[in-house]
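The structure presented is a predicted model; accordingly, all values stated were derived computationally and were not measured.
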Amino acid sequence: MRAALWLLALFGVAAASALFAGNNQGTVTVFWPPWRVDLSLNLVLLLLLGAFILLHVALRALSALFSLPRQARQWRLQQKERALHAAVLDTIAQLLAGRFSRARKAAQAALAQERTLAALEARLPQAQQVRVLSHLLAAESAQALLDRGARDAHLQHALNESAERGALVSPETREGVQLRAARWALEDRDAAAALARLEELPQGAQRRTLALRLRLKAARQDRRTLEALETARLLAKHRAFSDAVAQSIVRGLATELLSGAHDPAQLLRAWTELERVERELPEVAIHAAQRMVLLRGDLALARAWLLPIWDRMVEHPQGLGDTSRVKLVRALEAGLDSVDADWLARIEAAQRNNPRDPNLQYLAGMTCMKRQLWGKAQQLLTQAGLGLQDAELYRRAWQALAQLAEGRDDAEQASAAWKRAAQLGNS
C-alpha cells in the first residue's frame, strides 16, 4: 500500500513538473556589463538544483574525510573490546575443560585488555563487571592450581571492585564472589572463615539453597551441631534434598547434638532443641534414652521419650525395623531396675499380644528376672534364646539362663547355657 501511494505521488509530481515546464515562457536575464545573458527559467532551476546537489556531495565528502581519524580510533577500540570479550569466553572454556594454567593466562589477558581500553579513555558500560568476573575466574584457576596467594589477591581485587561506591556491578555478581570465597574456605578446611563469608551476604542471599548448603557443610566442619541442624531443616523445607536424604541428615545431626551432652541437664536442653518430628524418629529417641542411662539421669524421663516409639512398635510390629526394635529393647532393659507399674503392664501386654516376638520375650523375661519371678523368667528367656537374631541379646539371654540355673544349683543346665553364650561370642 505504501509503495502504491509513493508511485501515485511520483506521478503527480511528474505531471505537475511537465505542466509547469512545458508552458513556462519565463526568462531570467543576467546583466554583466558589458554583457547581457538571457536564460530560460527552466534552465536556471535545473542549474540551481545541480549546484545544490554538487554542494551537498562536496560537504559529505569533506565530512567523511575529516571523520576518518575518529572512525579509525573507534575501529581500534572495537577490536580491543572484541578481544576482551573473547579472552573472557576463552577463560571460561579453559576453566571448564580443566586447563587451569591457560584459564589463568586468559583471565590475565582479559584484565590487560581492559586496562588498555581504560588507558585509551574508552568508557565501556560493563567494564567494571568484566574486571570483577575476570578476577574471579583468575582466582578460581589459582584455587585449582593450589596457588592460594594469587587466589587471595584476585579475590580481594574482585571484592574491592564490586564494593566501590557507584559501581556498575549487579548485586548478584558480588554475592557470587562471596559464595565462591566461602567455598574456597571450606576446601581449605577453614570453616570459621567460610561462615564469616556467608554472614557478609544479605539476608535474602543467606537463605538461598547454595548458601544454605555451604553453611551446612561449614557448621558440621566447625562442630556447630545446632546451627547445622537448623540449616538442614531449612534445606529440607526448600526441597534441596529428597525426603529420605533429608531425614537421614536431620537424624544424624540430632543424634550428634544429643551425643554432645555431658550431663543430664545438657541432654535435656539438647532434647528441647529438637522439633517434635525429630523426637519421634526411633533412632533419635532411642539414642537420647541411652545417653540418659549412660549419664545416670532420670530414667523415667528416658522411658517417656521412648513411649511413642514403643507404641508404634506394639501397634505396627512391621513398621519398625529389626535394628530399631533391638535398640529399643536394649534401651528399656538398661532401666529395668527402676521401671514402674505402668511400664510393667505395657511390657506384659505387648508380650501377650505378640507371643512369638523374641525381642518382647527377651524384654519380658529380663523384667521378670528383675522382679524375681524366676520360673516365668526362665520360660520367656528360653523361648527368646531360640529365636533371637541379635548376637548381643542372644548372649545376654543365655547368660541370664545360666545365672538362673546356678541359682537353682543346676550345674548341668548352667554349664550348657554358659557354653551356648560362649560359643556365640567365639563365633
Side-chain angles (χ1 to χ4, degrees), residues 251 255 258-259 281-297 299 302-303 305-307 309-310 312-314 317-340 343-344 346-427:
R251 180 172 60 243
T255 303
L258 295 171
S259 299
L281 293 174
E283 294 82 358
V284 175
I286 293 170
H287 185 73
Q290 290 174 339
R291 289 293 298 173
M292 184 64 79
V293 173
L294 183 63
L295 296 174
R296 302 182 183 278
L299 298 183
R303 286 191 291 271
W305 295 346
L306 293 174
L307 184 57
I309 314 304
W310 174 266
R312 188 187 309 176
M313 183 183 73
V314 173
Q318 303 301 324
L320 204 63
D322 294 337
T323 303
S324 298
R325 293 166 67 88
V326 170
K327 290 181 178 180
L328 177 59
V329 169
R330 289 182 183 177
L332 289 171
E333 181 191 358
L336 287 179
D337 291 332
S338 62
V339 71
D340 53 17
W343 269 101
L344 287 174
R346 290 191 185 98
I347 295 173
E348 183 179 358
Q351 193 278 324
R352 189 168 56 250
N353 293 332
N354 299 277
R356 296 184 179 181
D357 189 333
N359 295 311
L360 292 177
Q361 290 172 352
Y362 171 82
L363 183 60
M366 297 301 291
T367 303
C368 292
M369 188 174 176
K370 294 291 184 181
R371 295 296 175 181
Q372 299 182 357
L373 301 174
W374 314 122
K376 191 172 182 180
Q378 182 180 2
Q379 178 186 1
L380 291 170
L381 289 173
T382 301
Q383 294 174 355
L386 298 176
L388 284 171
Q389 300 297 319
D390 183 71
E392 181 64 21
L393 293 185
Y394 185 92
R395 182 179 61 82
R396 291 183 185 180
W398 285 107
Q399 286 179 346
L401 286 171
Q403 293 173 2
L404 289 174
E406 288 177 350
R408 300 192 310 270
D409 295 329
D410 190 342
E412 183 177 353
Q413 288 191 7
S415 177
W418 283 118
K419 185 179 296 184
R420 298 195 69 164
Q423 287 176 350
L424 182 67
N426 292 334
S427 62

When rounded to the nearest 0.5 Å, the distance separating CG of Leu381 from CD of Gln399 is 11.5 Å

In short, Ala285 meets Leu306 closest at the heavy-atom pair O-CD2, 3.7 Å

Looking only at heavy atoms, the pair that brings Trp398 and Ala417 closest together is O-CB, 3.5 Å

By side-chain contact (heavy atoms from CB on, under 4.5 Å), Arg408 pairs with (sequence neighbours left out) Gln378, Leu404, Ala405, Asp410, Gln413

Contacts of Leu295 meeting side-chain contact (heavy atoms from CB on, under 4.5 Å) (sequence neighbours excluded), chain-then-number -> Pro264, Leu267, Arg291

Contacts of Gln403 meeting side chain to side chain donor-acceptor pair (under 3.5 Å) (sequence neighbours excluded), chain-then-number -> none

OG1 (Thr323) and NZ (Lys327) are apart, to the nearest 0.5 Å, by 6.5 Å

Contacts of Trp343 meeting side chain to side chain donor-acceptor pair (under 3.5 Å) (sequence neighbours excluded), chain-then-number -> none

Taking every heavy atom of Ile286 against every heavy atom of Ser324, the minimum-distance pair comes out as CD1-O, 3.5 Å

For Arg356, the side-chain contact (heavy atoms from CB on, under 4.5 Å) test, sequence neighbours excluded, returns none

Between the CD atom in Glu348 and the NZ atom in Lys376, the distance rounded to the nearest 0.5 Å is 4.5 Å

Would you mind writing out the side-chain donor-acceptor pairs for residues 359-370 within the sub-3.5 Å range, not counting sequence neighbours?
unit_1, atom_1, unit_2, atom_2, d
Gln361, OE1, Ala384, N, 3.3
Gln361, NE2, Pro355, O, 2.4
Tyr362, OH, Glu333, OE1, 3.0
Tyr362, OH, Glu333, OE2, 2.8
Thr367, OG1, Leu363, O, 2.7
Lys370, NZ, Asp337, OD1, 3.4

Residues at least two apart in sequence or cross-chain that pass side-chain contact (heavy atoms from CB on, under 4.5 Å) with Ser259, listed by chain then number, are Thr255, His287

Rounded to the nearest 0.5 angstrom, the CD-CG distance for Gln379 and Leu401 is 11.5 Å

CZ (Arg420) and OH (Tyr394) are apart, to the nearest 0.5 Å, by 3.5 Å

The side chain to side chain donor-acceptor pair (under 3.5 Å) partners of Arg330 (sequence neighbours excluded) come to Asp390

Item to complete: Determine whether Pro358 and Gln383 make a side-chain contact, defined as any pair of heavy atoms from C-beta on separated by less than 4.5 Å.
Response: no

Taken to the nearest 0.5 Å, the spacing of Arg325 CZ from Leu393 CG works out to 11.5 Å

Point to revise | Verdict with reasoning, Asp357 to Gln351, per side-chain contact (heavy atoms from CB on, under 4.5 Å) | key: CA-CA 7 Å; Asp357 189 333; Gln351 193 278 324; over 6 Å; no

